Amino acid sequence: MALNRFAADDPDLADRIGRALDEDGCCVVVDAAPPETMDAIADELSAHRERASVGASDFEGHATRRTGAPLPRSATFRSIARHAAVLAGGDHVLGHATTWRFSAAEYIEIGPGERAQRLHRDAWKYDQVDFGFEVELNGMWAVTDFTEANGATRILPGSHRWAHDARPNPTAIPAAEAIPAEMAKGSLLLYTGLVFHGGGPNTTDGWRKGLSLQHAVGWLTQSTNQFLECPPADVADWPDELLRFVGYAKTGNGLGYWRDSEDPLSAVHPDRDFPTGWATIRTS
Ligand SMILES: O=C(O)CCC(=O)C(=O)O
Ligand SMILES: [Fe+2]
């Protein structure tokens, strides 16, 4: 089994992504952003390296550095947060909800000697509730080249269709079961919340750097608290569409408003007029 790979300029990219996410739960968009964009993100985030979390748990890794809040910390990441491939994947997988949105992103640097992360489903974060459908569309930007040797994310295509209590065979050699998502710097792995995957072991003496993305339906709690990471006073010059994506939006039927049935975007732009009312569209 191989990973589906599509060129970023494929005229049928959105359809191809949709079909691959249905069938395999994952795909790679090759060269989705220029390598210089990845270098700029790495530079902007390395300024926060001293505060990064390292060795927090077996699951988070003992030789893995995790730097959070890339949206407020990296203007370059903000410029690709709503990449066409992300929007195509999110609209396809999460379009059943009134809205879907950004949930978190984390810069994950896997260091020399790191062992393989346990294969898991990201959607387990919601108390392992069996929704019976996808609630997340996630991703991984290759900020350096991803190789099998340096810890490319391993992924099990098709495992999004496994039963709720199914688990990958723990006695199989992981590499024989899960495919390393090898990809060049600037490529993007997309995968759904139900696909088993995990960081690979790094047997090289270099660092594997990736920017992990999470998006979820609007009625779920976001993984990181966007209103603490991106408070109104800090984001007034961000485009409306990015602010809506971050969570300054009503969703569902009566979620996300504030104060006197107000639109949350009015907290960022008190000088602008927004319609009030918490009810949205679905009443039956
Ligand atoms: O670093 C990776 O390749 C994957 C990380 C991951 O899946 C996670 O932390 O949930
Ligand atoms: Fe994960």
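Computed from heavy atoms alone, side chains included, the values below leave out hydrogens, waters and symmetry copies. For ligands, and for the atoms within them, numbers begin at 1 and follow the listed sequence. No experiment lies behind these values; they were computed from the predicted model shown.
Of the candidates Glu109, Glu106, Glu114, Glu106 is the only one forming a salt bridge (Lys or Arg N to Asp or Glu O under 4.0 Å) with Arg66. Among Arg121, His215, Lys125, the single residue meeting the side-chain hydrogen bond (donor to acceptor under 3.5 Å, both in side chains) criterion with Glu136 is Lys125.
Counting only distances under 2.8 Å, and ignoring water, the protein N, O or S atoms around the Fe ion (ligand 2) are His120 NE2, Asp122 OD1, His197 NE2.
In this structure, a donor-acceptor pair under 3.5 Å is present between the side chains of Trp100 and Asp91. Looking only at atom types and distance, the side chain of Thr76 has no donor-acceptor partner in the side chain of Thr37 under 3.5 Å away. Residues Gln226 and Thr224 have side chains that bring a donor and an acceptor to within less than 3.5 angstrom of each other.
Taking a cutoff of 4.0 Å between a charged side-chain nitrogen and a carboxylate oxygen, Asp39 and Lys185 qualify as a salt bridge.
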Review item, side-chain donor-acceptor pairs of residues 238-248, under 3.5 Å, at least two apart:
residue	atom	partner	partner atom	Å
Asp240	OD1	Arg272	NH1	3.3
Asp240	OD2	Arg272	NH2	2.6
Arg244	NH1	Tyr248	O	2.9
Arg244	NH1	Asp263	OD1	2.8
Arg244	NH1	Asp263	OD2	3.3
Arg244	NH2	Asp263	OD2	3.0
Tyr248	OH	Cys230	O	2.7

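Among residue pairs with one or both ends in residues 10-63, those qualifying as ring-ring contact (aromatic ring centres under 6.0 Å, His included) are Phe59-His120; sequence neighbours excluded.
Under the 30°/60° scheme for interplanar angles, the aromatic rings of Phe131 and Tyr126 are found to stand perpendicular.
Contact shell of ligand 1 (protein heavy atoms, cutoff 4.0 Å): Arg66, Ile108, Ile110, Gln117, His120, Asp122, Met140, Thr153, His197, Gly199, Arg208.
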